[in-house]
There are 2 protein chains.
Amino acid sequence: MIRILLADDEHLIRGAMAALLSLEDDLEVVAQAATGKEALATARIVRPDVAVIDLQMPDLDGVAVAQSLATELPTCGTMIVTSHGRPGHLKRALAAGVRGFLPKTVSSDVLATVVRTVHTGGRYVDPALAAEAISAGDSPLTPREADVLELALEGAPIDEIARRASLSPGTVRNYLSSAVGKTGASNRHEAARFARAKGWI
Amino acid sequence: MIRILLADDEHLIRGAMAALLSLEDDLEVVAQAATGKEALATARIVRPDVAVIDLQMPDLDGVAVAQSLATELPTCGTMIVTSHGRPGHLKRALAAGVRGFLPKTVSSDVLATVVRTVHTGGRYVDPALAAEAISAGDSPLTPREADVLELALEGAPIDEIARRASLSPGTVRNYLSSAVGKTGASNRHEAARFARAKGWI
DNA sequence: AAAACCCCATGACAGATGTCATGGTCGTCA
DNA sequence: TGACGACCATGACATCTGTCATGGGGTTTT
């Protein structure tokens, strides 16, 4: 019997997935959590075999949870399901020791199969997401450029970005200009959206 | 027995919700669809009692589906479930004749209850979403302002917006300036994000 | 009919932004 | 050690954007 921890902030979906996994004879949902922190706390207690974690959760990111789990419970396989999978997430997730990465568009059969695969130490990444990640390529942005571009995402004016990044406005403009060049965009807002789509920020 | 049509592009979630609804004695999922068009086509054939529709789907918006259903199958109650509920959607949905509006964070009990409520002709709107919608208020944007602001969402420069809207760049700037004033933002990008958050565009 | 509003446009101005050149510090790697 | 690149900053310039004033044409309301 594979003991599963299920974490997803959407109650309905979490419950539904639990119902669905429980239909399998060899799977058992032993715990559920609605937030990242809750997931970690619960995992420490129940020590599940496999953790199925939603990528976007209120407090702690799914990848962050995976990272903590990898060190605290090395025997627990971690897999991530997500609605909007961006390339960067996949890369970060794999780096965090995640062994399964699925969009929520897959069928329940696949989900169950992957749970078993992960439990036996295997890996599974959704082919479509993998292809996307490969085509997205590595980020050409330097860490600072990425930082600044991320602050630009919300549309803030440069002075505010400079304040938030503790940089001079001129420096911010240089980084943004460089980022705009690298992304082929025509202004920082487009560049920020592009980088977000690629999963670079 | 209440006959339900389930539409959601995320296979896993759709299947899971179906499994969950089927646990109820008086509910029966008679059809499923992954896109808006598919939902409409299927609905015409199976003529369900209640349609449970996801808001965001590839081709046709959940609200658009509801609108068509309202005229084609007036006996069929329509309810919408959504992950990211923005105020504007709720308003549009209600105008389209939707009688139930829920975030996916609700429990399965609530979902089943609301299905029954909608089936008997009642209405149910999630309290949190209703409060948000009320606090968001009506859009102060004129139709044209909303159009232009929507084109500005992607970060395009003004010239491109002007081309796409078939307007002179000067006019675009006027509309945007007006929108920026109304939203209290400091530039069009911030204004666009704000309006999006409020559900105005 | 006048008022009020939306639509579209132009011109002018100030301030924000993108680009480029330049230069210094620091760490890494050959 | 020297080359390289990331990091931070400044100044100058051209362009883009936001704002305001102005005006004509249209519809709806009063």
Side-chain angles (χ1 to χ4, degrees), chain A residues 88 91-92 95 136-201, chain B residues 88 91-92 95 136-201:
Chain A
K91 198 166 299 176
R92 279 199 307 138
D138 274 339
S139 170
L141 303 175
T142 69
R144 254 335 190 233
E145 282 166 4
D147 287 349
V148 173
L149 204 53
E150 191 158 12
L151 290 173
L153 250 183
E154 292 152 27
I158 284 192
D159 285 343
E160 191 184 324
I161 298 176
R163 262 188 293 110
R164 291 222 259 163
S166 302
L167 288 176
S168 106
T171 305
V172 169
R173 284 198 281 160
N174 284 339
Y175 283 154
L176 289 176
S177 178
S178 162
V180 167
K182 286 174 180 176
T183 54
S186 56
N187 58 50
R188 64 201 156 94
H189 306 285
E190 226 178 73
R193 296 183 59 82
F194 184 84
R196 166 69 95 188
K198 290 282 193 182
W200 295 341
I201 58 176
Chain B
K91 197 166 301 176
R92 279 199 307 138
D138 274 338
S139 169
L141 303 175
T142 69
R144 245 356 186 215
E145 283 166 4
D147 287 350
V148 173
L149 204 52
E150 191 158 12
L151 290 173
L153 250 184
E154 292 152 25
I158 284 192
D159 285 343
E160 190 185 324
I161 298 176
R163 263 188 294 109
R164 290 222 260 162
S166 301
L167 289 175
S168 106
T171 305
V172 169
R173 283 198 283 160
N174 286 337
Y175 284 153
L176 288 176
S177 178
S178 162
V180 166
K182 286 174 180 176
T183 54
S186 57
N187 58 49
R188 64 202 156 95
H189 307 284
E190 229 178 68
R193 295 184 61 81
F194 183 83
R196 167 68 96 187
K198 289 282 192 181
W200 295 341
I201 58 176

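Chain letters run A, B, ... following the sequence lines, proteins first, then strands; residues in each count from 1.
Counting heavy atoms from C-beta on, the side chains of B:Val172 and B:Arg164 never come closer than 4.5 Å. Within the 4.5 Å cutoff, no side-chain heavy atoms of A:Thr183 are placed close to those of A:Lys198. Proximity of A:Thr171 to A:Arg144: side-chain heavy atoms (C-beta onward) are nowhere separated by under 4.5 Å. Side-chain contact between A:Lys182 and A:Glu145 is present, with at least one heavy-atom pair separated by less than 4.5 Å. Here the side chains of B:Leu167 and B:Tyr175 are in contact, with some heavy-atom distance below 4.5 Å. Annotation: side chain of B:Glu190 is in contact with side chain of A:Pro157 (closest heavy-atom distance under 4.5 Å).
We find that CG of A:Leu141 is positioned 17 Å from P of D:dG5, with the value rounded to whole Å. Residue A:Lys182 contributes atom NZ, which lies 13 Å from atom P of C:dT19 at whole-angstrom precision. Atom pair A:Glu145:CD and D:dC8:P shows a separation of 11 Å (rounding to whole Å applied). In this structure, CG of B:Asp147 is placed 14 Å from C1' of C:dC8, rounded to the nearest angstrom. When rounded to the nearest whole Å, the span between CG of A:Leu167 and P of C:dT17 equals 15 Å.
In this structure, CD in A:Glu154 is found 13.5 Å from NE2 in B:His189, a value given to the nearest 0.5 Å. In this structure, CG on A:Leu151 lies 12.0 Å from CD1 on A:Ile158, to the nearest 0.5 angstrom. Between the CG atom in A:Asp147 and the CD1 atom in A:Ile161 there is a gap of 11.5 Å [rounded to 0.5 Å]. To the nearest 0.5 Å, the span separating CG on A:Leu153 from CD1 on A:Ile201 amounts to 4.0 Å. Note that CG of B:Asp159 and OG of B:Ser168 are 10.0 Å apart. Values are rounded to the nearest 0.5 Å.
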Polar atom pairs between nucleotides 23-27 of chain C and protein, under 3.5 Å, N or O only, would you list them?
none

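For C:dC7, one of the phosphate oxygens OP1 or OP2 lies less than 4.0 angstrom from a side-chain nitrogen or oxygen of B:Thr142.
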Scan nucleotides 10-30 of chain D nucleotide by nucleotide, 5' to 3', and note B when protein non-hydrogen atoms come under 4.0 Å of the base, S if they reach only the sugar-phosphate, - if neither.
B------BBBB----------
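End-to-end axis angle of the helix from C:dA1-D:dT30 to C:dA30-D:dT1, from C1' rotation axes over five pairs per end: 30° (rounded to 10 degrees).
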